[in-house]
Amino acid sequence: MGKFVINGGKKLKGAVEVRGAKNDALVIFASALLTSETVHISRVPEIEDIKRMSEILDKLGVGVDRSGYGKYKITADKIKTTAIDKEIAKRLRASIVLTAPLLVRMGRVDFPHPGGCVIGERPIDVFLDGYKALGASIDYKDGAYSVRAKKLHGNKFVFGSVSVTGTESMMMAAALAQGDTILKNCACEPEVESLAEFLNSCGAKISGAGTPKITIKGVRKLSGGKHTTIPDRIEAGSFLILGSILGDPIKVKKCNPEHLDSLLNVLQKSGANIKIGKNSVEVSSSKLKSVGIKTKEYPGFPTDLQAPLCVLLTQAEGQALVHETIYEGRLNWTDELKRMGADVLTLDPHRIEIRGSKKLRGREIESPDIRAGMAYMIAALCAEGQSTIDNVYQIDRGYEKIEERLQKIGADIRRI
Ligand code: EPU
């Protein structure tokens with residue numbers, strides 16, 4: 001599995017480049033199944049989740065060619081099964097985004113209920129309700145779903161919960177349905193907009209993506225196409241949080257500052273020194289003060305940055321409330337942060353209070369998921385002494401060669 005050994009307490013200086021967004025690349029890989037022609041994707045992050053997605057596509061009989069660093073070519077001219085591999089699907093919740101393309105192309109998809117996950121329950125009711133609204137029938141037997149439809153038909157559908165992958169899946173399903181679809185209460189994340197732009201470049205007729213109402217005119221066929229993955233706003237945000245605590249300064253390059261508004265707002269309020277450029281943000285540490293956050297759908301404060309921001313709050317003066325509204329299990333990781341010396345009071349599964357600033361001490365920690373793993377890395381870089389982070393597979397799922405990139409800005413970190 002591998003471990004990171006980190007000696008903390010050092011200032012960090014230099015530039016770090018942001019990779020392509022995991023959650024954009026994953027859904028574009030899935031969308032390549034909507035066409036029998038070739039899809040070229042560039043700026044793909046070289047991370048474990050992309051390897052898992054490639055393995056699932058391979059098991060479906062779909063060739064994924066890596067033609068160079070971050071460059072992939074997918075041709076789904078033959079799909080040999082409608083069943084998504086159970087074992088890999090359990091490790092990659094994002095595999096749910098394959099259900100719509102398989103349903104559209106094959107008239108059927110079989111998949112397991114995605115397993116529970118450390119950040120909380122991950123239901124799939126919006127996917128099932130959405131496919132039903134487009135005319136699909138659904139069977140559930142022995143822990144697996146079978147969704148069938150000879151042809152999907154456009155309809156109006158209102159999401160019961162705002163869901164990113166749910167919105168993406170319904171856009172893909174409706175793109176090739178017969179007739180028009182109106183989706184309401186949609187997720188507005190940049191990854192949704194990016195997918196719509198890509199599908200439109202292949203011949204789809206989607207408008208309104210990036211707003212709560214999306215309209216889709218069904219077309220008969222999509223062509224192949226080209227896509228450049230958008231910058232990873234969560235990775236960029238994590239580097240900015242790190243820079244606000246330890247930057248001397250750190251320049252975060254190749255990001256889209258527009259996608260980081262809610263975080264930049266919080267960092268500015270906390271007193272961090274920030275210079276916003278066109279495709280970069282420079283940040284240096286200063287005396288920080290506490291700012292409370294409430295996670296929300298985009299453009300609100302992203303749940304995926306809640307953990308890194310909590311580490312910043314341990315280093316800020318004052319008391320702040322962190323309200324995690326999206327996932328009920330996503331504050332559990334703070335138990336270890338407390339053991340590192342943080343003053344965290346758990347109010348209920350969705351709310352904690354952090355009092356700072358407190359010196360953190362190095363510890364041996366296990367990474368429970370991608371984002372908490374990154375938060376532990378930031379905490380270890382701030383802490384006095386040595387930390388060991390175990391289960392770095394979780395970090396490698398979402399961040400490409402993170403230790404090498406952090407070494408370049410002066411971090412004392414080794415993979416063993
Ligand atoms: N929800 C339902 N029913 C559903 C689907 C979702 O009630 O059928 C609820 C969830 O329980 C949750 C909320 O809706 O409370 C939002 O979940 P959403 O469906 O938006 O999450 P997702 O699409 O499964 C994506 C990202 C996550 C990110 C969330 C929220 C991908 C592949 N994953 O997940 O990213 O946390 O949106 O922004 O796009 C990560 O990258 O580490 C990660 C977990």
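Whatever order the structure lists ligands and atoms in, that order sets their numbers, starting from 1. Sequential numbering from 1 along the given sequence is applied to the chain's residues.
Only one option out of R397, R66, K71, K401 pairs with E46 in a salt bridge (Lys or Arg N to Asp or Glu O under 4.0 Å); it is R66. Under the side chain to side chain contact (heavy atoms under 4.5 Å, CB included) test applied with L199, the options L176, V219, L222, I28 reduce to a single match, L222. When each of R19, R405, K254 is paired with E235, the salt bridge (Lys or Arg N to Asp or Glu O under 4.0 Å) condition holds for R405 and for no other.
Among all protein heavy atoms, the one lying closest to atom 17 (O) of ligand 1 is Y327 OH, 3.8 Å. Residue, atom and distance of the protein heavy atom nearest to atom 19 (O) of ligand 1 are S163 OG, 2.6 Å. In this structure, atom 25 (C) of ligand 1 lies nearest to the protein heavy atom V164 CB, 3.9 Å. In terms of protein heavy atoms, atom 42 (O) of ligand 1 is closest to R371 NE, 2.9 Å. In terms of protein heavy atoms, atom 12 (C) of ligand 1 is closest to I326 O, 3.6 Å. Among protein heavy atoms, the minimum distance from atom 36 (O) of ligand 1 is reached at D304 OD1, 2.7 Å. At the shortest separation from atom 44 (C) of ligand 1 among protein heavy atoms lies R330 NH2, 3.7 Å. Shortest contact from atom 14 (O) of ligand 1 to any protein heavy atom: V162 O, 3.8 Å.
The option from D49, N23, T167 that lies nearest to atom 26 (C) of ligand 1, judged by heavy atoms, is N23.
Using a cutoff of 4.0 Å between basic side-chain nitrogens and carboxylate oxygens, D396 and R415 are scored as salt-bridged. In summary, K51 and D58 do not engage in a salt bridge, as defined by a charged side-chain N under 4.0 Å from a carboxylate O.
When heavy-atom distances to ligand 1 are checked against a 4.0 Å cut-off, R122 comes that close only through its side chain, counted from C-beta outward.
Without hydrogens or angle criteria, E403 side chain to F4 main chain gives no donor-acceptor distance under 3.5 Å. Here the side chain of S223 pairs a donor or acceptor atom with the backbone of C202 at under 3.5 angstrom.
Note on ligand 1: I124 sits in its first shell, one or more heavy atoms being nearer than 4.0 Å.
Of all atoms in ligand 1, numbered sequentially from 1 with element shown, those under 4.0 Å from a heavy atom of K22 are 40 (C), 41 (O). Near T165, the atoms of ligand 1 lying under 4.0 angstrom from a non-hydrogen atom of the residue are 22 (P), 23 (O), 24 (O), 31 (C), 32 (C), 39 (O). Atoms of ligand 1 lying under 4.0 Å from at least one heavy atom of A94, given by number and element, are 32 (C). Close approach of ligand 1 to T303 (heavy-atom distance below 4.0 Å) involves ligand atoms 30 (C), 36 (O), 38 (O).
Side-chain contact between N23 and E189 is absent, with no heavy atoms from C-beta onward closer than 4.5 Å.
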key: Y131 vs R148, side chain to side chain donor-acceptor pair (under 3.5 Å): CA-CA, chis, key distance, verdict   = CA-CA 9 Å; Y131 299 153; R148 287 170 228 214; over 6 Å; no
request  = In sequence, state the C-alpha distance, the side-chain angles, and the governing distance for T346 and K338, and then conclude on side chain to side chain donor-acceptor pair (under 3.5 Å).
outcome  = CA-CA 10 Å; T346 302; K338 285 182 205 169; 3.2 Å; yes
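Using the six-membered ring where Trp is involved, Y140 and Y145 have ring planes that are tilted, between 30° and 60° apart.
Here's the thing with P123: one of its N/O atoms is less than 3.5 angstrom from an N/O atom of ligand 1. Considering backbone and side-chain N/O atoms, E168 never comes within less than 3.5 Å of an N/O atom of ligand 1.
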